[in-house]
Structures are given as C-alpha cells and as structure tokens.
Visitor: 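Encoded as structure tokens, here's the structure I'll be asking about.
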Amino acid sequence: MKVLDAEFTQGFIRMANDGWEQGWHERNGGNLSYRMKPEEVDMVKDDLKARDWQPIGTTVPDLAGEFFMVTGSGKFFRNVIIKPEDSFCIIEVDEKGENYRIMWGLVNGGRPTSELPSHLMNHEVKKRVTGGKYRVIYHAHPANTIALTFVLPLTDEAFTRELWEMATECPVVFPDGIGVVPWMVPGGREIAVETSKLMEKYDVAIWAHHGMFAAGEDFDLTFGLMHTVEKSAEILVKTLSMTGTKRQTITPTDFRNLARDFNVTLPERFLFEK
Ligand code: 13P
Ligand code: ZN
C-alpha cells in the first residue's frame with residue numbers, strides 16, 4: 001500500500017490541517033509525530049526507501065527500531081494537506097536509539113522537525129509509562145496559552161488550577177494536571193530533557209513564551225487535549241480582560257465532588273486554598 005493511502009497517514013494530515021485551521025501554526029510553527037504500529041510499517045513497506053543515517057541529537061534506546069511519521073523542519077502546517085510528500089516524512093530509529101534515517105517523504109529535501117529530540121524523548125517516556133498505548137506527540141503555538149505564560153506564575157500548580165477552573169470538563173480531560181517549562185532555547189536536547197521529565201506525570205507541557213506539547217493515544221485524543229487546554233486558556237484570557245478578579249469560580253470542594261462523581265483522581269496539591 002502507498003503511504004498516502006494508509007488510514008494513519010490520512011489521520012496525520014487531518015490533524016495537521018485541523019491545527020492550521022485553529023490558528024495554532026503560523027508559518028512553520030509547531031510539529032507533529034506519530035509512532036507507527038508494526039502492522040502499519042508492514043502495510044507500507046514497499047513504499048519505503050532508506051536514505052542516510054543522521055544523528056538524532058539525543059539518545060532514545062527504548063525507541064530502537066521504531067518508525068515515526070513526523071513533520072519536516074521549516075515546513076508549513078498550512079501546506080500539509082496539499083503537499084504531504086513535501087511536508088512530512090517517515091523515519092526509522094537505529095538499534096542504539098542514536099540515529100534516524102528518512103524512509104519516505106520530504107521529497108524536496110529537508111529534515112525532520114528541529115524539535116525531534118523533544119518528540120522522541122517524550123515518545124520514549126510515554127511508551128514506557130503507558131505500556132505502549134500512547135503514539136502521538138503534538139507541539140503547537142496556541143495564542144491564549146502562550147499569553148498566560150506572561151501573566152501566571154510559571155508553576156505546574158498555577159497553570160493546572162487556573163485552567164481546571166475555567167471549564168468544568170478540564171479536570172476530567174487532564175486530571176493529572178499540566179507541567180510548565182520555563183523559557184529555554186528551543187530545538188535542542190536540554191529543553192527535550194526538561195519536557196520529557198514532565199511527561200513522566202503529565203500529558204501536557206507548556207513552554208513559557210513559546211507554546212504547548214500534548215501527548216496521547218491517538219490523533220483524536222491528542223488534538224482534543226490541546227484544544228481543551230487552549231479553549232480553557234481562552235476563557236481565562238477573556239475573563240482577565242474583563243476584570244482582574246473572578247466574582248465566583250469552581251472551588252476545591254467542587255473539584256473533590258466532581259472527582260468522586262466522574263471517577264477521576266485529582267492530586268490534592270492542585271486543590272490548595274487561595
Ligand atoms: P520546525 O519547523 O523545525 O518544526 O520548528 C517549528 C517550531 O515550532 C519550533 O519550536
Ligand atoms: Zn515551537
């Protein structure tokens with residue numbers, strides 16, 4: 001089967017285009033990666049052709065031999081739907097988890113996203129902690145979430161609690177909370193290490209003054225997670241724009257009641273008295 005005809009490729013393209021339509025991907029902003037299932041690799045194997053090995057820039061031994069579909073560096077999400085073969089690629093990770101090679105795509109040259117270290121280190125953590133269930137890592141530049149990183153304290157507690165409060169669904173959608181990475185130079189191993197540490201306990205990591213990373217089982221859940229966090233951030237931005245103080249909100253007791261009825265565990269460290 002051709003890569004472009006596979007269902008997972010269509011899901012990848014749709015998610016990239018949905019992100020573009022949300023306004024989260026100015027120019028080449030953002031990147032997306034998907035850890036392929038062995039049967040999906042098998043399905044498209046006749047359409048794959050190996051190029052030279054290149055260093056990843058970090059080490060991901062637990063991803064040895066895995067195949068990923070990943071957006072290209074400098075490529076525009078806006079173009080993914082019309083030029084898929086130019087916009088993204090399939091890569092294979094070598095047996096040591098130190099190098100990758102392009103197996104398909106990026107037909108006009110280029111390389112995988114500059115955030116490949118963050119994507120792969122996050123995949124490595126999520127593969128381990130979810131027993132292989134999570135397959136998608138998504139980075140975007142959603143404006144409301146970024147705006148909040150200029151206003152809220154850059155702590156997991158502040159972001160989790162504020163975003164939980166702005167939409168009742170939030171504690172159910174991301175009960176483990178949200179992690180925050182202070183401003184760092186993007187594109188390298190250092191920010192990848194900090195982000196992947198947060199991915200040990202959260203599905204969402206916010207990069208101060210830059211954007212967001214979300215992790216999930218499939219395209220729907222990962223896109224939906226990013227969408228939910230950003231929607232909540234938008235409500236907070238609107239509220240703060242109208243008034244500096246909330247007249248009423250969801251209280252710690254309300255959250256505990258919600259947790260009981262919806263059968264989720266909400267860590268007490270986010271339910272502090274203000
Ligand atoms: P790439 O074009 O290399 O994917 O970079 C975009 C980006 O958002 C960097 O953080
Ligand atoms: Zn970015």
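Note that these values count all heavy atoms, side chains included, but never hydrogens, waters or copies made by symmetry. For this chain, numbers begin at 1 and follow the sequence in order. In listed order, ligands and their atoms are each counted from 1.
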Visitor: With distance as the sole test, does Thr9 use its side chain to make a donor-acceptor pair with the main-chain N or O of Asp5 at under 3.5 Å?
Guide: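 Here the side-chain-to-backbone pair does not exist.
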Visitor: Taking atom 1 (P) of ligand 1 as the point of reference, which of Ser114, Gly187, Ser118 owns the nearest heavy atom?
Guide: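 That would be Ser114.
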Visitor: Mark up the atoms of ligand 1 that fall under 4.0 Å of a heavy atom belonging to His141, in ascending order.
Guide: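 Numbered from 1, ligand 1 contributes 8 (O).
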Visitor: Could you tell me which atoms of ligand 1, counted from 1 in the order shown, lie closer than 4.0 angstrom to a heavy atom of Thr113?
Guide: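 Those of ligand 1 that fall under 4.0 Å from Thr113 are 1 (P), 3 (O), 4 (O).
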Visitor: Considering only heavy atoms of Asn28, which atoms of ligand 1 have at least one such atom less than 4.0 Å away?
Guide: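 The atoms of ligand 1 under 4.0 Å from a heavy atom of Asn28 are 1 (P), 2 (O), 5 (O), 6 (C).
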Visitor: Counting distance only, does the side-chain N/O of Arg161 pair as donor-acceptor with the main-chain N or O of Phe270 below 3.5 Å?
Guide: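 The answer is yes, because a donor-acceptor pair under 3.5 Å joins these two groups.
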Visitor: Just jot down the ligand 1 atoms closer than 4.0 angstrom to any heavy atom of Glu115, in number order.
Guide: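 Answer, ordered by atom number: 9 (C), 10 (O).
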Visitor: Between Asp47 and Val3, is there a donor-acceptor pair closer than 3.5 Å when you use the side chain of the first and the backbone of the second?
Guide: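 Yes, the answer is positive, given that a donor and an acceptor are paired below the 3.5 Å cut-off.
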Visitor: Got a donor-acceptor contact below 3.5 angstrom from the Ser232 side chain to the Thr228 backbone?
Guide: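 Pair absent, no side-chain N/O of Ser232 close to backbone of Thr228.
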Visitor: Is the backbone N or O of Asp62 less than 3.5 Å from a side-chain atom of Lys127, with the two atoms forming a donor-acceptor pair by type?
Guide: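 Confirmed, Lys127 side chain pairs with Asp62 backbone.
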Visitor: Would Lys75 count as being in polar contact with ligand 1, using the rule that some N or O on each side must be under 3.5 angstrom apart?
Guide: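 Among all N and O atoms of Lys75, none is under 3.5 Å from an N or O of ligand 1.
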Visitor: Which of the numbered atoms in ligand 1 are below 4.0 angstrom from a heavy atom of His210?
Guide: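 It comes down to these atoms of ligand 1: 10 (O).
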Visitor: What do you get for the angle at the Zn ion (ligand 2) between NE2 on His139 and NE2 on His141, to the nearest 10 degrees?
Guide: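 The two atoms subtend 100° at the Zn ion (ligand 2).
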Visitor: Tyr34 vs Phe8 aromatic rings, parallel, tilted or perpendicular, using cut-offs 30° and 60°?
Guide: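 Judged by the thresholds at 30° and 60°, the geometry between Tyr34 and Phe8 is parallel.
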Visitor: Looking only at distances, please establish whether an N/O atom of ligand 1 is found under 3.5 Å from an N/O atom of Gly74.
Guide: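 Yes, Gly74 has an N/O under 3.5 Å of an N/O on ligand 1.
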Visitor: Could an N or O of ligand 1 be found under 3.5 Å from any N or O of Trp207, whether backbone or side chain?
Guide: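 Trp207 vs ligand 1: no N/O contact under 3.5 Å.
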Visitor: Near His139, which atoms of ligand 1 are under 4.0 Å from a heavy atom of that residue?
Guide: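 Here the atoms of ligand 1 in question are 8 (O), 10 (O).
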Visitor: Got an N/O contact under 3.5 Å between Pro186 and ligand 1?
Guide: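 N/O-N/O distance under 3.5 Å: no.
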Visitor: What part of Asn31, side chain, backbone, both or neither, has a heavy atom within less than 4.0 angstrom of ligand 1?
Guide: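 The side chain, only.
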Visitor: Would Trp104 and Phe67 count as a close aromatic pair, with their ring centres under 6.0 Å?
Guide: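 No: the rings miss the under 6.0 Å criterion.
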Visitor: With no hydrogens and no angle check, is any side-chain donor or acceptor of Arg135 less than 3.5 Å from a backbone partner on Arg35?
Guide: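 Judged by distance alone, yes, a pair lies under 3.5 Å.
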Visitor: Applying ring pair (Phe, Tyr, Trp, His ring centres under 6.0 Å) to His25 and Phe76, what does each step give before you reach the verdict?
Guide: CA-CA 8 Å; His25 299 284; Phe76 293 20; over 10 Å; no
